[in-house]
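Each chain gets a letter, A, B and so on, in the order the sequences are listed, and its residues count up from 1.
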Amino acid sequence: MAKNDSTQPPLYERIYAIVRQIPPGKVATYGQIAQMVGSCTPRMVGYAMAALKHIDRPDVPWQRVINRHGRISILDPFGGALQRQILEEEGVFFDNNDRIDFLTFGWVGAP
DNA sequence: AGATTGACTGCAT
DNA sequence: CATGCAGCCAATC
């Protein structure tokens, strides 16, 4: 029997699970994900994304996560430019203000 | 064991 | 519409 590790699935791991469920061509906000995870604040989602740099997890489409303004929130300019490029490859459209239209690309929860 | 870091949001001005 | 302030919590060094 396996002893269950004292370490339960880290909260970040749970957040990544939600992000991983975002279909291509769609985007979700930190608040949206936080609400899906449950007892979690949007801040935690952002922190979890930043932690991705520490754990290297290509399975997490962090690029599909943006802030409530429909804009990229990544601090790192290189990461932000990269995210925008990837999203465009996904088929997401940025307006002249570099903003995404949630009415068109906003992820409507899990299917 | 403690200090530091960090990709948000809502409300008020 | 832009800016500033406060609240939030976990992981990493």
- Query: Asn67(A) side chain: which of dA11(C), dC8(B), dA10(C) is closest?
  - Reply: dC8(B)
Rounded distance (Å) that lies between atom [atom2] of [N] and atom [atom1] of [X]:
{"X": "Ile74(A)", "N": "dG6(B)", "atom1": "CD1", "atom2": "P", "value": "14 Å"}
{"X": "Leu52(A)", "N": "dG6(B)", "atom1": "CG", "atom2": "P", "value": "14 Å"}
{"X": "Met49(A)", "N": "dC9(C)", "atom1": "CE", "atom2": "C1'", "value": "15 Å"}
{"X": "Tyr16(A)", "N": "dA10(C)", "atom1": "OH", "atom2": "P", "value": "14 Å"}
{"X": "Ile33(A)", "N": "dT9(B)", "atom1": "CD1", "atom2": "P", "value": "10 Å"}
{"X": "Asp76(A)", "N": "dG6(B)", "atom1": "CG", "atom2": "P", "value": "11 Å"}
{"X": "Ile15(A)", "N": "dA10(C)", "atom1": "CD1", "atom2": "P", "value": "10 Å"}
{"X": "Met44(A)", "N": "dT12(C)", "atom1": "CE", "atom2": "C1'", "value": "13 Å"}

- Message: Taking any heavy-atom pair under 4.0 Å as a contact, classify Ala50(A): base, sugar-phosphate, or nothing.
- Response: base
- Item | Base dG7(C) to side chain Arg43(A), donor-acceptor N/O within 3.5 Å cut-off | yes
- Result for 5'-nearest mapping on DNA chain C, choosing between Tyr12(A) and Arg99(A), is Arg99(A)
- Note on the structure: The residue, Tyr47(A) or His54(A), whose nearest nucleotide of DNA chain C is more 5′ is Tyr47(A)
- Can Glu90(A) and Arg64(A) be counted as an ion pair, charged N to O under 4.0 angstrom? yes
- Which heavy atom of Gly25(A) sits nearest a heavy atom of Phe105(A), and at what distance? O-CD2, 3.4 Å
- Arg84(A) to Phe94(A) six-membered ring, cation-pi geometry met (6.0 Å, 45°): yes
- Query: Taking the side chain as C-beta and beyond, is there a heavy-atom pair between Leu87(A) and Ile100(A) under 4.5 Å?
  - Reply: yes
